[in-house]
Amino acid sequence: MTAVGIDAIEIWTGNLKLDLPGTFAPEKGEDPEKYTKGLGLNASSFPDSYEDIVTMGANAAHRLMERKGLEPDDIGRIDVATESAFDNSKPVSTYVAGCLEQVFEGDFHHANKGERKFACIAGTQSLDDAYNWIRAGRNRGRSALVIATDTALYARGDAGEATQGAGAVAMLISEDPNLVELSAEQGYGSADETDFLKPNQQFPSVDGKRSVQVYLARMREALEDYESVAGDVHEEDFAYAPFHTPFPGMVRKAALLAYRHVIRDTSLEDDLADEIGRQPRPEAFDTDDDYRDALREYMDLLKETEAYQEWYAETIDPTLSISREVGNWYTGSVHVARASALKHALENGRDMTGKALLVASYGSGAQAEIHSEVVREGWEDEIEALNVDEQLEDRYDMSWDDYEEVHDVHNHDMDVDVEEFTTPESEFVFDGWGRMGERKYRYVE
Ligand code: HMG
């Protein structure tokens, strides 16, 4: 069976930056280490006044198509995953196609376009749609363009304000891909939850502490479901495990639970037994509370072991490097984590061809999905082509006053005009409103 997967990716960050320990924490009267150590974040990316989900998505897709030498005829599908859409009928993908048609010869009239919504997991679901379309043989040799784009803004003063972000990831899904092959096996953990939602409102209603618990519960279900089709997962089976990363501290919690799970009943659990004992099993306890207390104690000890810390440093920490500088990109977040991991491998001379990734996506509301990916021979060229470091470096560093203005500019309930902080160059920009309330875009050379 021909491999199907991600052939190439491009990342586009919002052009502004909010320094969390330096600018945000002092205004909130909080210790900067709550951000750097607790949440694990240094900065958030923000869109300048001329940027939005369309410009960021179109810019990422433009770079990707140019770099790969693609024409509109090569693309049979454009799916945008977002939870920041501004229209309940017309999909963002039509706007993106309109932008791209300004700079490419030809058009996308024969490409199927859509929009996927399920909080942050919609980016991965769009990959599934593309994968299934190709596997069904409906693609006529063409590839799919999947774009995950979001402005992850919270209401001012909400606890989530510390975890904001904005950016887009464009991915080309093809047969015989250069970057990673997607597994047919998947596991799901899905339940009707009300931890984070936006009932026809721009900013989320969020129960932050509960959302963390729901994330962990759904992830565990997804891993068990994945193992029921792919067999037990062990720590040596994968080189990196990119997780959905609302903030790196969330992944730190998930990783410890995952590690406990994958070493259970292995020689590693036996090796660690002298140091910290064996994992508590529920049948050995009279009450649920006793079992939970024992589990908590075991986890505290496990976290401190050299084996866990080495595994975390090698397998998880490298997936968090971009996220630390950009915050939550919602639908793009797990795809940023994959890119961080492969970037780390390239920078450290790690040979990844044929190695596996365990990819764990999540969306509030809530659903987790786990699948694996095998890294393909062309991965180094694809990752080398990313210019994400330059983009992050070039962002304009906002003062507190700038931040307050920018947040208002992007607040749909406010009508505020602000001079842009950066000068757009070789990119699409928002260009005002049309007669039917549609948004207009223009390419700036
Ligand atoms: P908070 O109350 O501001 O922060 O809310 P906190 O007091 O819980 O502190 C955060 C961490 O920093 C804690 O670590 C503190 O101990 C630590 P933990 O105990 O949890 O390991 N800390 C410090 N560490 C070192 N030095 C210090 C210090 N002070 C504190 N001085 C919360 C945090 C995550 C709840 C909030 O930011 C929030 O509501 N965020 C939005 C919701 C969210 O991101 N949830 C994550 C799971 S749901 C998800 O991922 C889906 C999502 O992406 C949406 C979608 O799917 O569409 C959000």
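Numbering of residues begins at 1 and proceeds along the displayed sequence. Counting starts at 1 for both ligands and their atoms, in listed order.
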With backbone taken as N, CA, C and O and side chain as the heavy atoms from C-beta onward, which portion of [X] lies under 4.0 Å from ligand 1: side chain, backbone, both, or neither?
X	result
P246	side chain
K253	side chain
N328	side chain

Geometry only, no angles: is [X] polar-contacting ligand 1 at N/O separations under 3.5 Å?
X	result
G363	no
S211	yes
D31	yes
K209	yes
H244	yes
E83	yes
F196	no

Parallel, tilted or perpendicular: ring planes of F421 versus Y396, cut at 30 and 60 degrees | parallel

Parallel, tilted or perpendicular: which fits the ring planes of W311 and Y259, with parallel below 30° and perpendicular above 60°?
-> tilted

Could you pull out, from [options], the option with a heavy atom nearest to [atom]?
atom	options	value
atom 37 (O) of ligand 1	S84, A159, A122	A159
atom 44 (O) of ligand 1	Y330, W329, F247, Y362	F247
atom 24 (N) of ligand 1	A119, G38, P32	G38

Measure from atom 52 (C) of ligand 1 to the protein's non-hydrogen atoms and state whether any distance is below 4.0 Å.
-> yes

Taking 4.0 angstrom as the limit, do K90 and D87 come out as a salt bridge?
-> no

Considering only the protein, which heavy-atom contact is closest to [atom], and what is its distance?
atom	result
atom 39 (O) of ligand 1	G208 CA, 3.3 Å
atom 54 (C) of ligand 1	C120 SG, 3.4 Å
atom 3 (O) of ligand 1	K34 NZ, 2.6 Å

Six-ring centre of W133, R77 cation under 6.0 angstrom, axis tolerance 45° = yes

Hey, which of D79, D128, D129 is the one that makes salt bridge (charged side-chain N to carboxylate O under 4.0 Å, His left out) with R116?
-> D129

